[in-house]
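Worksheet: one structure, shown below.
Residue numbering restarts at 1 for every chain, and letters A, B, ... go by the order of the sequence lines. As the structure is a computational prediction, the values presented were derived from the model and not from experiment.
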There are 2 protein chains.
Amino acid sequence: MRSWNLPVLGPVPTLVYVPMNVRKKKNVRAATLADVGRAAGVSAMAVSAALNETRTSARISEQTRAKIIEAAEALGYRPNVAARALVKRRMNTIGVSVVWADEELNNYFVEIFNGIIEATSRHAQNATVFTFRSWSEDMAKVCGMCDGRIDGMILVAPLFNQELAAMLPHHTPFVALHANTESEAFVNIESNEERGAKEMVKAMIAMGHRRIMHVSGPRGLVGPERRISGYLSALREAGIVPDPDLLVVTNFAAAEGCRAMNAWLSANKGKPLPDAIFCANDAIAIGCMEALASAGIRIPDDVSIAGFDDTIAARTTVPQLCTVRQPLRAMGARAVEVMMRRIDAMRGKGGDELVNSVVFDTTVVLRGSLSKPPAEPRLVP
Amino acid sequence: MRSWNLPVLGPVPTLVYVPMNVRKKKNVRAATLADVGRAAGVSAMAVSAALNETRTSARISEQTRAKIIEAAEALGYRPNVAARALVKRRMNTIGVSVVWADEELNNYFVEIFNGIIEATSRHAQNATVFTFRSWSEDMAKVCGMCDGRIDGMILVAPLFNQELAAMLPHHTPFVALHANTESEAFVNIESNEERGAKEMVKAMIAMGHRRIMHVSGPRGLVGPERRISGYLSALREAGIVPDPDLLVVTNFAAAEGCRAMNAWLSANKGKPLPDAIFCANDAIAIGCMEALASAGIRIPDDVSIAGFDDTIAARTTVPQLCTVRQPLRAMGARAVEVMMRRIDAMRGKGGDELVNSVVFDTTVVLRGSLSKPPAEPRLVP
DNA sequence: AGCGCATTTGAAAACGCTTTTCAGCCACTT
DNA sequence: AAGTGGCTGAAAAGCGTTTTCAAATGCGCT
């Protein structure tokens with residue numbers, strides 16, 4: 001064993017820079033076009049033309065342009081986005097609205113967000129995320145942020161009623177991703193959830209599972225209902241009579257899933273466990289896994305389990321969570337593409353083949369949490 | 001077993017609303033103050049005064065105000081944020097910059113973000129997230145987005161060199177959270193990482209571990225160096241000579257951690273495993289757990305492991321990951337508070353007791369992945 | 001009737017930028 | 001020498017708000 005060369009601490013880059021409290025000077029103002037113009041001995045408009053390479057009418061000689069650019073850099077000039085937006089009527093920014101109430105949504109949203117920023121950076125646009133506690137409470141907030149700040153808004157899993165939808169400003173395009181309401185107020189990007197759920201349950205049945213539990217999200221929302229529908233449809237085709245005791249309703253959160261599963265376990269002591277559990281999303285499934293683990297039930301030896309969404313979290317559980325993959329990333333990217341078309345159309349630039357709805361396909365992802373059922377169903381401890 | 005009342009599908013709320021393609025009308029423009037004024041038979045300024053309840057000079061009679069409000073609602077008037085910002089020099093928005101390159105950062109960032117939005121909503125501010133691929137490449141983007149769009153910028157885990165820091169606009173306040181460079185260019189919010197690392201390693205030693213491995217993040221960054229420093233300090237105090245073979249360097253991502261651990265395992269076949277592994281963050285630890293599991297090494301029976309950060313992911317592993325908790329949420333919230341003070345100060349409103357740095361405390365969170373070392377160290381298979 | 005005062009309202013001037021229009025200049029043609 | 005046309009850059013007109021200031025109105029008072 002070599003001896004250690006102490007200290008091993010590597011060099012840490014250090015900056016010497018004008019400290020914050022020194023530049024606390026009050027009323028420091030950013031340089032404007034006029035400032036740059038004054039410094040370069042030209043007018044403000046010449047600066048604008050030079051910096052924007054506007055090819056329309058007024059052209060600036062290379063010599064003047066160089067002078068202007070030098071002055072601009074010396075002054076640290078940066079265009080004021082608000083002023084530019086005011087006159088151009090275009091912010092080059094699209095807003096993303098999402099409810100950030102339960103932390104479990106995060107993984108789902110983060111995946112979508114990845115797609116959104118991929119697409120926005122391709123279009124040289126910015127994405128701005130707006131979060132609030134609930135759609136109903138903060139609807140005014142959504143609307144108040146539209147004008148002059150963003151060119152369009154992507155709503156992630158919005159939940160509206162008639163009254164709220166009427167509040168949407170008419171002059172801003174909206175695109176909804178996984179809308180929880182069947183509305184024509186906005187373009188809808190969705191995935192074939194019913195089919196995904198059906199395929200998953202069919203896969204379970206093909207493996208030999210018969211008593212399949214479904215832990216659903218809140219009833220009445222489009223997503224959960226479609227998943228229930230697919231679940232039932234698969235059972236029906238296999239000639240399995242659905243057992244109402246095996247339909248559990250909870251919310252889209254790990255803590256909720258854990259609670260629901262614990263409640264079910266204590267209400268069914270001594271009865272046989274289901275062969276497999278199909279959860280309405282990954283978060284619920286992870287919560288259930290926690291509850292099962294603390295009850296000493298092994299996955300997948302005693303019971304198989306599957307989720308829905310294929311979030312990152314599904315890959316970090318042990319065993320890894322079998323799930324239904326929605327191409328969230330692609331969906332987020334597509335939302336942006338559709339949005340760009342809408343914006344162009346609204347500005348009178350685009351063609352007229354506008355998309356009103358896009359449906360993505362879902363796929364079953366087999367992972368360790370799903371395997372053959374045990375020979376003898378285990379009883380609830 | 002009761003029979004199931006089919007169909008179980010619940011009602012899904014439906015909206016009938018003017019479809020997007022109908023309101024595709026080109027050049028629809030939002031109503032302006034002047035429009036409202038025309039409708040109400042008053043001037044635009046009267047509308048502004050009425051709607052803003054400006055108590056300064058011009059007061060509007062209740063009668064006129066009622067008339068104006070009615071007209072504004074009829075026209076669906078909403079103030080144009082850009083125009084308002086232009087004149088008020090205040091966007092009521094703070095930007096949050098984060099590098100969104102590796103997905104592993106997500107859990108870390110999401111936790112901070114929760115704190116940020118908590119604080120911004122308390123201050124009636126908006127938070128806008130800007131993402132980019134790397135600090136060096138997209139620095140211009142950070143800067144270009146400051147002027148007139150946000151009042152201040154929070155940098156999450158920024159990595160700068162001298163040249164890049166010089167690009168920061170002087171008239172916008174910056175607050176850095178976990179800056180990776182020791183700079184005075186911005187206010188620093190950090191946590192006591194060295195102490196956290198030291199306490200964790202001390203906890204391991206107290207449990208009887210002697211051969212403790214550290215899987216570090218990239219050398220040269222402030223965070224990893226501080227964790228190494230704490231690690232070494234704990235070893236030294238316990239009289240343990242650090243073994244250079246037990247210091248592994250990798251990147252902050254699960255995939256990287258997995259790869260690094262696999263590499264170490266295959267390079268050390270037949271030699272004894274360490275008693276415990278202290279990883280520089282949770283993502284690395286999760287990657288290591290994967291590598292160990294696939295090598296048939298059991299946690300914590302064969303080897304104990306711990307992470308750093310206490311992200312959500314640390315709670316969903318089996319066994320749950322022992323980790324060093326940083327109060328990320330509180331840190332995010334504090335960043336906003338500090339920012340608000342800076343903005344007020346810059347506008348000439350605030351007092352002068354400005355904070356330049358805040359250090360939060362870290363705590364060790366004991367969980368299932370850390371227990372006593374095995375009687376006989378296991379050999380690398 | 002005339003005056004001062006308080007209360008409402010309107011006019012105009014920013015805010016920083018873009019865009020359109022137009023004048024000046026020079027070289028080149030007729 | 002006068003006309004033509006291409007370059008270059010200045011002037012001015014907004015974009016939708018807020019803010020400042022002055023004008024208008026109504027009132028009570030002398």
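Classification of B:E337 and B:R341 as a salt-bridged pair fails, no side-chain N sitting under 4.0 Å from a carboxylate O.
Considering only side-chain N and O atoms, A:S43 lies nowhere under 4.0 angstrom from the phosphate OP1 or OP2 of D:dG9. The side chain of A:S61 contributes an N or O atom lying less than 4.0 Å from OP1 or OP2 of D:dG9. Within the structure, every side-chain polar atom (N or O) of B:T32 is placed at least 4.0 Å from both OP1 and OP2 of D:dG16. Within the 4.0 Å cut-off from OP1 or OP2 of D:dT8, not a single side-chain nitrogen or oxygen of A:T64 is found.
Rounded to a whole Å, the CE atom of B:M91 is 13 Å from the C1' atom of C:dG16. In this structure, the CD1 atom of B:I60 is 9 Å from the P atom of C:dT8, given to the nearest Å. Per the geometry, CD belonging to B:E62 stands 15 Å off C1' belonging to C:dT9, to the nearest Å. Rounded to an integer number of Å, the gap from CG of B:L86 to P of C:dT18 is 12 Å. Nucleotide D:dT17 holds its P atom 21 Å from the CZ atom of A:R84, rounded to whole Å. Rounded to whole Å, the distance from CZ on B:R90 to P on D:dT19 is 13 Å. To the nearest angstrom, P of D:dT18 lies 10 Å from CG of B:N80. The nearest whole Å value for the distance from the CE atom in A:M45 to the C1' atom in D:dT8 is 14 Å.
In this structure, CD1 on A:I154 lies 9.5 Å from OG on A:S97, to the nearest 0.5 angstrom.
Comparing B:G41 and B:R89, the nucleotide of DNA chain C nearest to each residue sits closer to the 5' end for B:G41.
Distance from the side chain of A:V87 is smallest to C:dC17 among D:dG16, C:dT9, C:dC17. Side-chain proximity of A:L33 to D:dG9, C:dG10, C:dT18: nearest is C:dT18. The side chain of B:V42 sits closest to C:dG10 out of D:dT17, C:dG10, D:dG9. Side-chain atoms of B:A46 lie closest to C:dG10 of the nucleotides D:dT18, C:dC17, C:dG10. Comparing D:dT18, C:dT18, C:dG10 by their closest approach to the side chain of A:N52 singles out C:dT18.
The local environment of CZ in B:R334 is sparse, with at most 12 non-hydrogen atoms from other residues, nucleotides or ligands closer than 6.0 Å.
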Between A:N92 and A:H123, does a side chain to side chain donor-acceptor pair (under 3.5 Å) hold up when you go through it step by step? CA-CA 9 Å; A:N92 290 322; A:H123 286 271; over 6 Å; no
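Using modelled atom types, one finds a donor on one side chain and an acceptor on the other under 3.5 Å when comparing A:T93 with B:R149.
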